[in-house]
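Since the structure comes first, as structure tokens, the remarks are kept for the end.
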Protein chains: 2
Amino acid sequence: MPKQAGRPSGRPTLTRDRVLDAGVAMADAEGIGTLSMRRLGKELGVEGMALYNHVKNKDDLFEGMLDRVAAEIDLPATGHADAPSVGADAPSAGAAVPGTGSAPAAQSRADPAAPRVDWRSRARWRAVSAHATFMRHPWSAALWTSSVGVGPARMRYLDTALRDLREAGFADGLLDLAFHTVENHIVGHAMQELGFSLAPGEMEAMGAELLRSFPVEEYPFLAEHIRYHVEETGDDAFEFGLDLILDGLERLRVTGG
Amino acid sequence: MPKQAGRPSGRPTLTRDRVLDAGVAMADAEGIGTLSMRRLGKELGVEGMALYNHVKNKDDLFEGMLDRVAAEIDLPATGHADAPSVGADAPSAGAAVPGTGSAPAAQSRADPAAPRVDWRSRARWRAVSAHATFMRHPWSAALWTSSVGVGPARMRYLDTALRDLREAGFADGLLDLAFHTVENHIVGHAMQELGFSLAPGEMEAMGAELLRSFPVEEYPFLAEHIRYHVEETGDDAFEFGLDLILDGLERLRVTGG
DNA sequence: ACCTGAACACCGTTCAAGT
DNA sequence: ACCTGAACACCGTTCAAGT
């Protein structure tokens with residue numbers, strides 16, 4: 001077996017998959033700012049230049065890493081027109097995403113024009129999963145909006161999101177607006193939340209420290225806001241805005257824009 | 001006059017302001033990715049190392065540049081409780097921001113609890129101006145959400161936004177949620193729009209090229225979406241989502257969350 | 001007080017050379 | 001086919017030296 005045991009001690013042979021996995025792990029652990037080809041190579045027990053055999057360049061590396069992250073986003077069951085028992089997956093949304101009650105809208109309507117598959121639950125499920133994924137990989141949201149290429153997992157994500165809206169009755173201009181409004185909220189919230197990403201407990205120390213040297217008289221409302229965030233987690237902010245948007249869209253959907 | 005004419009030929013002496021101005025101009029023209037201390041120095045007729053006399057380091061340079069951009073955001077007139085004739089400034093909002101009619105909400109209510117100053121118009125004005133500013137300086141939105149320090153102009157922006165909401169009756173948790181939902185929309189939309197920032201006309205070429213090598217059968221809804229964006233500008237997407245959010249917030253305000 | 005030159009410890013990427 | 005070493009053209013930042 002000369003091929004399999006190419007390397008004597010441990011290390012399996014390098015592949016694109018192993019490079020991308022190591023890249024994601026490294027970015028998760030140390031941030032994407034300090035990730036260099038040379039350091040990533042070292043992590044894999046290889047000279048940095050060897051990576052160019054499996055990756056075109058650093059942008060290609062980033063695209064591959066980002067698509068791995070995109071693949072983690074939990075899309076609602078394929079639920080195409082011909083797919084059976086979509087309801088079997090939807091209930092779990094209620095379990096894992098309990099905040100739906102914040103603003104009842106679609107549920108209370110007995111609309112004959114309503115689609116068989118609740119578009120609102122599907123969009124909500126996808127958005128919550130995307131948000132959680134961005135939080136798991138704090139470097140990924142910034143990359144998502146940068147101009148790195150779009151891989152197959154991201155394409156699938158986008159296609160699914162657009163299809164769900166389309167099948168719910170959104171069309172043309174309104175479809176486009178609905179789609180972008182939801183996506184903007186996801187990526188905007190992730191970026192803002194991650195801009196202040198701090199280790200647990202660090203928030204209190206930072207906030208207190210900040211307020212000490214802060215011109216409270218000059219910016220009293222900002223000071224109050226910081227004080228608020230030192231005490232409250234604000235965990236529900238994402239779903240609050242999401243529900244606000246989804247409710248508004250549902251209203252426009254039934255009235256036809 | 002030995003001090004004023006320190007330099008013989010032209011060039012005024014270097015100051016922090018001149019460094020920041022040049023930084024903004026350079027980032028506007030060539031992007032922030034290629035802005036280096038050395039190249040910025042050369043632009044100013046100086047060795048890159050000289051910049052460290054006016055700027056602590058590159059992060060400090062970025063903070064200063066970003067705060068200059070923040071200062072460009074047009075805040076609604078001070079309009080504090082004691083400020084007279086706020087109405088004198090608000091009308092211009094209607095002129096420069098004509099899309100308000102998209103979804104009537106606050107105007108039609110004759111609410112005795114409504115604040116004297118229309119919070120919705122003020123929030124809308126500020127958001128539209130912030131959005132336009134981010135578009136003028138395509139590098140700034142990404143910096144806004146990064147962890148560079150917050151300068152005085154940004155503090156003033158944040159304090160004003162929070163005060164307006166506070167004086168409109170939003171309090172505690174709802175104030176925080178309303179604030180973040182609007183800010184997320186602004187920054188999220190800017191980042192997404194700028195991720196595809198292309199020169200005018202470039203869009204058609206890119207979209208057509210992309211669709212040629214695109215697996216249309218695999219992602220039909222995404223393909224349709226791209227086709228749509230080749231033809232339509234989607235200029236109104238920002239204000240659409242903004243109105244959706246502001247309308248939803250107004251509803252929660254009058255019902256008390 | 002402000003600027004320069006040299007230096008340090010890094011980058012991404014290419015390419016001939018090895019196996 | 002895959003990896004290495006050397007090289008190229010860059011980085012941010014520090015610091016002694018100049019004026």
Side-chain angles (χ1 to χ4, degrees), chain A residues 1-23 26-27 29-66 139 142-143 146-149, chain B residues 1-23 26-27 29-66 139 142-143 146-149:
Chain A
M1 61 292 258
K3 209 137 192 197
Q4 290 284 36
R7 241 159 218 273
S9 61
R11 292 280 182 208
T13 62
L14 216 51
T15 66
R16 179 173 229 264
D17 275 357
R18 289 222 322 125
V19 170
L20 297 184
D21 281 343
M26 197 168 196
E30 310 172 31
I32 204 154
T34 61
L35 189 159
S36 75
M37 299 298 276
R38 284 166 154 108
R39 296 206 323 119
L40 181 56
K42 194 166 295 177
E43 190 77 21
L44 289 159
V46 105
E47 224 60 30
M49 300 75 200
L51 301 181
Y52 287 89
N53 285 310
H54 305 96
V55 129
K56 273 209 290 287
N57 48 36
K58 207 180 182 183
D59 259 13
D60 186 41
L61 169 68
F62 281 167
E63 177 178 334
M65 286 166 58
L66 187 59
W139 48 273
L143 232 52
S146 81
S147 48
V148 306
Chain B
M1 61 292 257
K3 210 141 191 192
Q4 290 284 35
R7 243 158 217 273
S9 63
R11 291 279 181 209
T13 63
L14 215 52
T15 66
R16 179 172 231 262
D17 275 358
R18 291 221 322 123
V19 171
L20 297 184
D21 282 342
M26 197 168 197
E30 312 173 29
I32 205 156
T34 62
L35 189 160
S36 75
M37 300 298 276
R38 284 165 153 110
R39 296 206 325 119
L40 181 57
K42 194 166 294 178
E43 190 78 18
L44 288 161
V46 105
E47 225 59 32
M49 298 76 200
L51 301 182
Y52 287 89
N53 285 309
H54 306 96
V55 130
K56 274 207 291 284
N57 49 36
K58 207 179 183 186
D59 258 14
D60 186 40
L61 169 67
F62 281 167
E63 177 179 335
M65 288 167 56
L66 187 59
W139 47 273
L143 232 51
S146 80
S147 47
V148 306

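Within every chain, numbering begins at 1; the chains are lettered A, B, ... in the order of the sequence lines, protein sequences first and strands thereafter.
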Of all the choices, D:dC3, C:dT13, C:dG5, which nucleotide is nearest to the side chain of A:Tyr52 once you look at every atom?
C:dT13
Rounded to the nearest angstrom, tell me the gap between atom CG in B:Asp59 and atom C1' in D:dT13.
13 Å
Of all the nucleotides listed (D:dT4, C:dT13, D:dC3), which has the minimum atom distance to the side chain of A:Asn57?
C:dT13
Need the pair for D:dA9. Rule: Watson-Crick or G-U wobble, both distances under 3.5 Å, any strand; none if unpaired.
none
Out of C:dC3, C:dA7, C:dC11, whichever nucleotide has its closest atom nearest the side chain of B:Val46:
C:dC3
Contact check, side chains of B:Asn53 and B:Leu14, non-hydrogen atoms, under 4.5 Å:
no
Tell me: CG of A:Leu14 to C1' of D:dA1, nearest whole Å?
13 Å
Is the shortest heavy-atom distance from the side chain of A:Arg38 to the side chain of A:Glu47 under 4.5 Å?
no
Which nucleotide in the set C:dG5, D:dA7, D:dC11 lies at the smallest distance from any side-chain heavy atom of B:Arg38?
D:dC11
Interatomic distance, B:Leu44 CG vs C:dC3 P [rounded to whole Å]
10 Å
Please give, in whole Å, the distance from C:dC3 C1' to B:Met37 CE?
14 Å
Re C:dC2: Watson-Crick or G-U wobble partner, both distances kept under 3.5 Å, found to be D:dG18
Out of C:dT13, D:dG12, D:dC2, whichever nucleotide has its closest atom nearest the side chain of A:Asn53
D:dC2
With a 4.5 Å cut-off on side-chain heavy atoms, are B:Arg16 and B:Asp60 touching?
yes
How many whole angstroms separate atom CZ of A:Arg16 from atom P of D:dC2?
14 Å
Candidates C:dG12, D:dC2, D:dG5 - which lies nearest the side chain of A:Ser36
C:dG12
Is there a side-chain polar atom (N or O) of B:His54 under 4.0 Å from OP1 or OP2 of C:dA1?
no
Could you state the atom-to-atom distance from CD of A:Glu47 to C1' of C:dG12 in whole Å?
15 Å
Starting from P on D:dT19, measure out to CE on B:Met49 and report it in whole angstrom.
19 Å
pair A:Met65-A:Val148: side-chain heavy atoms closer than 4.5 Å:
no
Determine the minimum heavy-atom distance between B:Leu61 and B:Leu20, stating which atoms define it.
O-CD2, 3.8 Å
Quickly work out the A:Leu40 CG to C:dC11 P distance and round it to whole Å.
11 Å
